Every structure is written in C-alpha cells, then in structure tokens.
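Since we're looking at a predicted model, the values are computed, not measured.
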Amino acid sequence: MNYWLMKSEPDVFGIDHLKQAPKKTEHWDGVRNYQARNMMRDEMKKGDQVFFYHSNCDEPGIVGIMKVVREGYPDHTAFDPEAKYYDPKSDPDNPRWYMVDVQYVRKLKRNIPLAELKQYKELEDMPLVRKGNRLSIMPVTKAQWNFILGLE
DNA sequence: GCCAACGTTGGC
DNA sequence: GCCAACGTTGGC
C-alpha cells in the first residue's frame with residue numbers, strides 16, 4: 001500500500017465537505033498539472049491512504065485521512081465548457097486529465113500546521129515543506145506517514 | 001528549441 | 001494583498 005498527500009482549499013472543498021458527501025466519497029476533479037495527473041492515472045491504487053491537506057487558508061496543514069476507493073479515470077469536468085476547469089484540448093476520445101475517487105476516513109486528533117511540519121528533520125525531504133513547491137498531489141513515504149501520525 | 005511573458009499557486 | 005516560484009504558452 002502506498003501513501004499520498006493531496007491539497008485542497010478548504011473554502012472550495014475541505015475535509016468537512018468530503019465527510020458530508022454521499023458515502024463520504026467524492027471524485028478529486030480539477031487537477032490540471034501533469035505530474036499530479038500521472039500519479040492519479042498510473043500510481044494511486046485502491047486502498048492507498050491519503051493525507052488531506054488544507055491550503056491557502058488561515059492555518060495551512062494536514063487535517064485528516066482519506067483513502068482511494070476508485071483508481072484513475074477521465075476527469076469529465078475537463079469536457080464541460082461551463083466547468084471552471086474546462087480544457088478544450090481534452091476530449092472524451094483522448095482524455096488529458098484524470099481523477100480518482102477518495103473516501104473520508106477520519107480527521108486527525110489535531111490539525112498539524114505546515115509551520116510545524118517544517119520544523120522536523122524527518123520531513124525535510126517532503127516536497128510539501130520545500131519552498132515554492134506547488135505540487136498538489138505528492139507521494140508520502142511510510143516513514144513520513146508514521147512520523148506524522150505520531151504527532152497527533 | 002530557446003526564452004520572455006504571462007498565469008497560477010499558495011505561504012505569509 | 002504581496003510576491004516568489006514555477007509551469008505553460010507562443011513568437012521567433
């Protein structure tokens with residue numbers, strides 16, 4: 001099993017939105033970055049565990065855990081001219097963008113803010129804590145995963 | 001293929 | 001709201 005971290009803006013889609021969704025499950029649409037796309041399309045597997053990270057908010061940080069319940073499939077919002085992340089270069093016969101479905105597992109006992117995560121030598125290799133990193137989906141090693149859970 | 005311009009992300 | 005970092009676009 002692999003571990004991941006996915007970012008989302010809580011004002012747009014936060015962990016409570018996921019918790020309140022039908023079956024506590026939602027598709028992770030709107031990703032328009034090739035590195036992140038490749039991970040969702042090729043690498044994220046059913047049962048993989050994912051940290052839910054809140055970005056662009058008062059206190060950015062890891063707030064909970066979810067799991068992959070459906071592996072990569074085409075992001076249909078790219079085909080919809082009305083959608084915010086419409087991409088005319090993606091078409092159903094040759095989809096450019098992919099998404100996975102994720103299901104709410106639980107919140108962490110406390111939110112772990114980015115400012116704190118940056119302090120730990122154990123996490124210095126995470127793209128998350130590197131300056132200027134904008135990747136919205138990233139792999140997490142088992143060691144990093146366990147270390148972060150130990151911070152709860 | 002290079003690279004300047006531009007747009008976006010996201011912390012602060 | 002500012003701005004650094006980075007990805008993408010498009011002219012040449």
Here the ring-ring contact (aromatic ring centres under 6.0 Å, His included) pairs for residues 105-131 of chain A, sequence neighbours left out, are A:Tyr120-A:Phe147
Item to check | Salt-bridge criterion met for A:Glu116 and A:Arg110 (N-O under 4.0 Å) | outcome: yes
For this output row, return yes or no: ring centroids of A:Trp97 and A:Tyr85 closer than 6.0 angstrom. no
Counting primed atoms, P, OP1 and OP2 as sugar-phosphate and everything else as base, the B/S/- map of nucleotides 5-12 of chain B against protein heavy atoms under 4.0 Å is --BBBBBS
Exercise. Between the side chain of A:Arg37 and the main-chain N/O of A:Arg96, is any donor-acceptor distance below 3.5 Å?
Worked result: yes
Other residues, nucleotides and ligands only: do more than 12 of their heavy atoms fall within 6.0 Å of NZ on A:Lys46? no
